[in-house]
2 protein chains.
Amino acid sequence: MRETLDRVLQLAVLLNEDMARDLERRGLPGSRAHLVWEIHKRGPSTQQALAQALRLTPRAITGLVDALVESGFVTREPHPTDRRATLVTFTKRGGMAARSLERDHIEFARKLFDDLTETTFHNFTRGLDEVLARLRDLLVSN
Amino acid sequence: MRETLDRVLQLAVLLNEDMARDLERRGLPGSRAHLVWEIHKRGPSTQQALAQALRLTPRAITGLVDALVESGFVTREPHPTDRRATLVTFTKRGGMAARSLERDHIEFARKLFDDLTETTFHNFTRGLDEVLARLRDLLVSN
DNA sequence: TATTGTTATACTCTATAACTATA
DNA sequence: TATAGTTATAGAGTATAACAATA
């Protein structure tokens, strides 16, 4: 079991490094990509909403949004009904970047799993589901 | 396939968060634990060797070792034949911490996989191996 | 000359606390 | 009063570059 856990951890490390390198090439180092991904999933969002979704402080979001504004991925638009709030919104460039992330994410999944037989893939997915459920249990009762 | 990749990524995130929280409780926040783990695997090591193993700059290792010396996990011992180098070496406390990490790592693997039937576990491990091999291929030819 | 580790400096990401404008 | 976001400040982790001691 220890060997299997070690392999899961190594898979996590390698995926992480690979994605980080890829994102850096796109001009979206580190956490900025998470923010782009979140806006892609949610649409234009207040900074509060983003802070909660990413479990960061509002201050951290301010810094990330500043960086993404500067690099031209998003703009701060006025909230239509609450003048305290801003809606972080994709520019054309930001929207294109997000859609490109999504496409390449799917393409990457295909490359990663395409070699597996249908049975192996199915069994892997099944085991993964059980492990994930078990981990969630462990975290709740931690 | 996209759903399976998403689950792998979520497993990575959850494992990461869980381990980070656990390590912080032991007084080994963030990267210091990686360094302790590496010294545990390698035995007393020069900072150069640690820099290469963790793929960090020598300067980063200096900072991590400083922190571990200050918190009493390691000492810098003179290298027996090379007076430029130091051997980063566990104190009693550091050695105990490393062995405790190892024990809990194994215990965690048991908790995570114990519910799976033998067949499910075997199939999961097998799929994991293939995915890991495939990912290594992709990284080489990136 | 090359290598080991350090000092000096800077950047990113994160946090807490105090503040402004609005609700 | 409470909420959205900012300014001010601090700490961890990382990097590059220049340097001292040693090989």
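First the proteins, then the strands, lettered A, B, ... as listed; each starts at 1. What you see below is based on every heavy atom in this structure, not just the backbone, and it leaves out hydrogens, waters and symmetry mates. Just so you know, these numbers come straight off a predicted model, no measurement behind them.
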Colleague: Mind running a 4.0 Å heavy-atom check of residues 60-71 of chain B against DNA chain D and sending the residues that fall below it, in number order?
Modeller: B:Ala60, B:Leu64

Colleague: Run the ring-centre check on A:Trp37 versus A:His34 and record whether the distance is less than 6.0 Å.
Modeller: no

Colleague: Would you call B:Arg32-B:Glu70 a salt bridge at under 4.0 Å N-O?
Modeller: no

Colleague: Give me the residues of residues 33-56 of chain B where at least one heavy atom lies under 4.0 Å from an atom of DNA chain C, by number, or none.
Modeller: B:Thr46, B:Gln47, B:Gln48

Colleague: Not counting sequence neighbours, which residues clear ring-ring contact (aromatic ring centres under 6.0 Å, His included) with A:Phe73? List them please.
Modeller: none

Colleague: Going by the angle between their ring planes, with limits at 30° and 60°, are B:Phe124 and A:Phe124 parallel, tilted or perpendicular?
Modeller: parallel

Colleague: Going 5' to 3' along DNA chain C, between which two nucleotides do contacts with chain A fall, using a heavy-atom cut-off of 4.0 Å?
Modeller: C:dC13 to C:dA23

Colleague: Should the heavy atoms of other residues, nucleotides or ligands under 6.0 Å from NE2 of A:His122 be counted, would the total exceed 12?
Modeller: no

Colleague: What I'd like to find out is whether the side chain of A:Asp6 reaches to under 4.5 Å of the side chain of A:Glu3, using heavy atoms alone.
Modeller: no

Colleague: Any side-chain heavy atom of B:Glu38 within less than 4.5 Å of one from B:Lys41?
Modeller: yes

Colleague: Can you tell me how far apart CZ (A:Arg59) and CD (A:Gln47) are? Round to the nearest 0.5 Å.
Modeller: 10.0 Å

Colleague: For the pair A:Asp129 and A:Arg126, find out whether any cationic side-chain nitrogen is under 4.0 Å from an anionic carboxylate oxygen.
Modeller: no

Colleague: Hey, is A:Arg110 close enough to A:Glu107 for a salt bridge, meaning N to O under 4.0 Å?
Modeller: yes

Colleague: Mind checking ring-ring contact (aromatic ring centres under 6.0 Å, His included) for B:Phe90 and listing every partner two or more places apart, or none if nothing turns up?
Modeller: none

Colleague: What one-letter contact string describes nucleotides 18-23 of chain D from 5' to 3', where B marks a base within less than 4.0 Å of any protein heavy atom, S marks contact via sugar-phosphate atoms alone, and - marks no contact?
Modeller: ---BBS

Colleague: May I ask you to say whether A:Arg76 pairs ionically with A:Asp66, meaning some side-chain N is under 4.0 Å from a carboxylate O?
Modeller: yes

